Amino acid sequence: MSQPPELLACFLMPMLMELRCLSPIDDIGHSSESRMQAQSTMYTSDPTHQLICLTAFSTGHSLLSTTQVFIISTRIFFDLDGMAAATPIPWQHWGPSNTRVFHYWHNFQIHINGNRVLQAFPVDTRAEKWEPVLHLMDFSPLAVTNRRGLGRVVKKPSTTYITDSNDEFGEYLTTSLPYVEVVFSDRKFDSDDSELQDIWIDRDRIYTLNADTERIWFGGSPLFQAGSTGKLEVIDV
């Protein structure tokens with residue numbers, strides 16, 4: 001460190017929330033250099049458009065808790081000329097165009113790497129059984145060029161209702177950070193004998209950790225759980 005740390009800017013969130021930052025992991029190295037070069041031509045991460053993922057949990061008067069997810073593009077931090085560090089920047093001036101907000105009323109999994117977000121949640125949240133499906137979202141400006149006809153381009157602003165940690169105060173937020181989404185609808189992870197425990201993504205692959213459950217059956221119905229076996233799956237993207 002050649003000089004003392006210096007505050008460059010301060011960005012305000014829309015309301016008082018107990019936020020947590022989801023830390024990404026580094027890419028998992030591959031033994032074949034030629035394979036790495038081939039894969040890099042398929043997916044190019046833009047260093048000036050990385051992502052920060054902030055999550056906020058809220059628990060209201062009901063027993064159900066919800067999660068709010070803020071996907072923030074770091075491009076806002078590369079243009080700080082003329083900003084006064086001592087003057088906080090209101091959400092309305094920076095948030096709507098540089099973020100995309102999601103609100104989940106059910107269990108979900110999420111992981112980020114570079115400018116891509118991997119999420120697992122049900123396509124039909126009204127179904128009695130929770131069967132998560134993988135949703136891959138690419139927030140890079142190059143995503144439309146690299147999509148190769150896959151997925152859907154989301155440019156239309158979305159409005160999401162968010163609340164504080166006690167679910168006492170809330171407001172509607174409209175955000176418009178564009179992205180390309182690919183839904184792996186043919187791969188549902190949870191069943192009577194399997195449960196999705198975690199997900200990861202690096203530059204080339206998706207990793208899922210599943211628990212295969214062994215059950216004792218009696219009269220066509222599961223009597224009790226005998227044990228479980230972990231299973232790590234690797235998916236090329």
Side-chain angles (χ1 to χ4, degrees), residues 1-27 43-59 66-104 108-119 135-146 153-181 200-203:
M1 182 179 296
S2 59
Q3 60 185 16
E6 178 184 0
L7 177 63
L8 299 179
C10 177
F11 299 87
L12 296 180
M13 297 299 289
M15 65 171 55
L16 184 62
M17 295 179 290
E18 296 183 5
L19 294 168
R20 298 180 181 179
C21 183
L22 180 64
S23 301
I25 63 172
D26 295 332
D27 289 335
Y43 167 68
T44 304
S45 179
D46 189 340
T48 62
H49 290 79
Q50 303 297 297
L51 298 176
I52 295 176
C53 179
L54 301 180
T55 61
F57 299 92
S58 63
T59 304
T66 65
T67 306
Q68 294 145 141
V69 178
F70 292 78
I71 304 296
I72 304 172
S73 173
T74 57
R75 68 186 182 187
I76 186 65
F77 308 131
F78 285 84
D79 187 18
L80 300 178
D81 295 338
M83 292 186 181
T87 304
I89 304 171
W91 165 266
Q92 294 81 359
H93 294 173
W94 74 273
S97 61
N98 292 286
T99 65
R100 185 69 73 157
V101 178
F102 303 94
H103 195 165
Y104 296 109
F108 77 103
Q109 301 278 355
I110 186 171
H111 186 262
I112 63 170
N113 184 283
N115 40 47
R116 297 193 295 179
V117 177
L118 179 66
Q119 301 187 77
H135 300 248
L136 179 59
M137 303 174 181
D138 191 340
F139 288 84
S140 169
L142 302 176
V144 176
T145 304
N146 293 347
V153 180
V154 181
K155 294 183 179 180
K156 184 178 179 180
S158 58
T159 300
T160 307
Y161 185 74
I162 67 166
T163 63
D164 62 3
S165 58
N166 296 322
D167 202 19
E168 295 179 351
F169 303 98
E171 65 177 286
Y172 287 95
L173 293 183
T174 299
T175 53
S176 59
L177 185 65
Y179 62 93
V180 173
E181 180 183 32
W200 303 269
I201 183 174
D202 66 7
R203 184 184 60 194

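The analysis underlying the following values was restricted to heavy atoms, covering all of them including side chains, and did not include hydrogens, waters or symmetry mates. Quick caveat, the model's predicted, so the values are computed rather than measured. The chain is numbered in sequence order, starting from 1.
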Rounded to the nearest 0.5 Å, what's the gap from [atom1] on [X] to [atom2] on [Y]? Could you check?
X	Y	atom1	atom2	value
Ile112	Ile72	CD1	CD1	10.0 Å
His103	Leu173	NE2	CG	11.0 Å
Gln92	Ser97	CD	OG	12.0 Å
Leu22	Thr55	CG	OG1	6.5 Å
Glu171	Thr160	CD	OG1	11.5 Å
Met17	Asp164	CE	CG	9.0 Å

**Item:** Chi angles and distances behind the side-chain contact (heavy atoms from CB on, under 4.5 Å) call for Cys53, Ile110
**Value:** CA-CA 9 Å; Cys53 179; Ile110 186 171; 3.8 Å; yes

Answer yes or no: are there more than 12 heavy-atom neighbours, outside [X] itself, under 6.0 Å from its atom [atom1]?
X	atom1	value
Leu12	CG	yes
Tyr161	OH	yes
Glu18	CD	no

**Donor on one side chain, acceptor on other, Thr159 and Thr174, under 3.5 Å** = yes

**Message:** Testing the 3.5 Å rule here: is there a donor-acceptor pair between the side chains of Arg203 and Asn113?
**Reply:** no

Would you say that [X] contacts [Y] through its side chain, given a criterion of any heavy-atom pair below 4.5 Å between the two side chains?
X	Y	answer
Pro14	Ile162	yes
Asn98	Phe11	no
Val154	Met137	no

**Message:** Check the orientation of Phe139 and Tyr179. Use parallel for under 30°, tilted for 30 to 60°, and perpendicular for over 60°.
**Reply:** tilted

**Asked** Which of parallel (below 30°), tilted (30 to 60°) and perpendicular (above 60°) describes Trp94 and Trp91?
**Response**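 Perpendicular, since the angle between the ring planes exceeds 60°.
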
Considering all heavy atoms, the nearest [X]-[Y] contact:
X	Y	value
Arg20	Phe57	NH1-CE1, 4.0 Å
Ile52	Cys21	CG2-SG, 4.3 Å
Thr163	Met15	C-SD, 3.5 Å

Any donor and acceptor pair, going by atom type alone, linking the side chain of [X] with main-chain N or O of [Y] inside 3.5 Å?
X	Y	result
His111	Ile201	yes
Arg100	Leu177	yes
Ser158	Val101	no
Thr74	Gln50	yes

**Asked** Run the side-chain contact (heavy atoms from CB on, under 4.5 Å) check on Phe102 and Val117 step by step: do they pass?
**Response** CA-CA 12 Å; Phe102 303 94; Val117 177; over 6 Å; no

**Item:** Worked verdict on Leu118 versus Gln109 for side-chain contact (heavy atoms from CB on, under 4.5 Å)
**Value:** CA-CA 8 Å; Leu118 179 66; Gln109 301 278 355; over 6 Å; no

**Message:** Between Phe108 and Val69, is the side-chain contact (heavy atoms from CB on, under 4.5 Å) condition met? List the steps.
**Reply:** CA-CA 11 Å; Phe108 77 103; Val69 178; 3.8 Å; yes

